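A, B, ... follow the sequence lines: proteins, then strands. Residue 1 opens every chain. Everything numeric here is computed off the predicted structure, so don't read it as measured data.
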2 protein chains.
Amino acid sequence: MQKPAADSDNKTDISLAERLFERIGEEIVAGTLPPGAKISEPALARRFGVSRTPLREALRRLEERKLITSARNVGSRVVSFSLAEVMDVYHAREALEGMASRLAAQRMSAAEIDGLRGVLEDHRRALAERTDGAYYQDSHDLDFHYRIARGSRSFLVEKILCEEFYLLIRLFRRRHNWIAGRGRRAWEEHVRILDAIKDGDAELAEILMRRHVAAARLSFEASQRLLAPDGVSPEATHPLLTKKREK
Amino acid sequence: MQKPAADSDNKTDISLAERLFERIGEEIVAGTLPPGAKISEPALARRFGVSRTPLREALRRLEERKLITSARNVGSRVVSFSLAEVMDVYHAREALEGMASRLAAQRMSAAEIDGLRGVLEDHRRALAERTDGAYYQDSHDLDFHYRIARGSRSFLVEKILCEEFYLLIRLFRRRHNWIAGRGRRAWEEHVRILDAIKDGDAELAEILMRRHVAAARLSFEASQRLLAPDGVSPEATHPLLTKKREK
DNA sequence: CACAATTTAATTGTCGACAATTTCCACGGC
DNA sequence: GCCGTGGAAATTGTCGACAATTAAATTGTG
């Protein structure tokens, strides 16, 4: 299975609308289009040198991906997550990644498990070279969580985790500061999860993954508390739930 | 919080694109646009008396909702789920609805719980009047699961369950046949889940909800086995994971 | 000066047209 | 009958224009 929404080398294979979707999504994640920013279709269309029609199609998709919010006749705005909302994403992740691990324990092949073992070994080496203890997985294909979601063999779990949540996770991963020792511990938790999967222990795999994601949530929360005035937008009540019928 | 994508009484409040999204979604769920059917933009635009532009916007959203699949320069097709894929939806539901119940046990107000108790009482009466033992919750607002998702106070859990999964669930609920006694037992399970929520027992609420959804999965599966040649499309490998880079 | 009303400018939603691509159909060859 | 080819028809993706709505700027009044 080839990951659908990624680094297509042949640029003529994808439509303008899809390319815009990807590029604007990346700009949102990178902060080029910052949280809360109003999206002007004409300005963006001029910037990219395209007509507004494919741009609007891309915006509709970005809205479904929860990266922007839109209101009729008003336009779109880059989403801005409060800490509570980030916590909600972690809760949803915990549930789905737990289930993904359970299914992976039942469905993942020995070759896939071995491959992931090698990936974790690469991670360990990269981690050992860092002086700040941060544990990043820069390549999506080599991301532990991505591999588990794929190993679940559940089209929906994979699609939600690898496509819908992927941009969300990256969006506020920029706000995350690694607490001392957490990187190493996260890696160890990965190893234990994989052990449980290899043993076919679905329940243990789920428990360990849920603990892992919960620990990541707590770690994120702790790091935000440390820099509360800068890193949090507590005034941001999430507009997705109130905006649509505001009128 | 007003549910965003539903029965808006004032038709001028929503754009054409959004109205098309809703109507086409309903036609897919109702089977008017049957699984596997090719979607012709010009034909649909003529039928609805609109230009293709808002129609395309609606299709982009329907694609994100997993109700249609699209390929560049080829067009869109109504999705067709195999039994295995329906099972995957149940797995994802189990995870998220379990988490929703856990959060609801922590966050739901006494008034909300009482209101839901009344809803269940209405359900019991409706169930007692049925001779076929089928347990339908025709109104979304009065749907037990919807209420729990709202009670979770997690924007993302709610959005996924109440918006993204809602149409999917209805899509193959039409294929579900109630096995004798399952309707009554499902209602009883609802009551127990609500009891756990009222007691603030988050873990029990989650366990009971997960069991409930798993039982629904097994019930669905059993009903499909009973009518295998008619109700299953086993040849349908899910196109979402293979179609995009087919070219 | 502050606020309300009006005007102007910009943006948003939809339309229909055009170019590119795919699908369909007829015909010929084996 | 089946398969391949070519051309016409249909569809898809994008463009720019127009009408409706919103936002910003300007003017008038107390």
Looking at residues at least two apart in the chain, or sitting in another chain, which of them share a salt bridge (charged side-chain N to carboxylate O under 4.0 Å, His left out) with Glu164(A)?
Lys66(A), Lys66(B)
Of all residues at least two apart in sequence or in a different chain, which pass the salt bridge (charged side-chain N to carboxylate O under 4.0 Å, His left out) check with Arg46(B)?
none
List the residues meeting ring-ring contact (aromatic ring centres under 6.0 Å, His included) with His91(A), not counting sequence neighbours, and say none if there are none.
none
Residue list, side chain to side chain contact (heavy atoms under 4.5 Å, CB included) with Glu64(B), at least two apart or on another chain:
Arg61(A), Glu64(A), Arg65(A)
List the residues meeting side chain to side chain contact (heavy atoms under 4.5 Å, CB included) with Ala84(B), not counting sequence neighbours, and say none if there are none.
Ser82(B)
In B/S/- notation (B base, S sugar-phosphate only, - none; protein heavy atoms under 4.0 Å), nucleotides 9-17 of chain C written 5' to 3' is --SBBBBBB
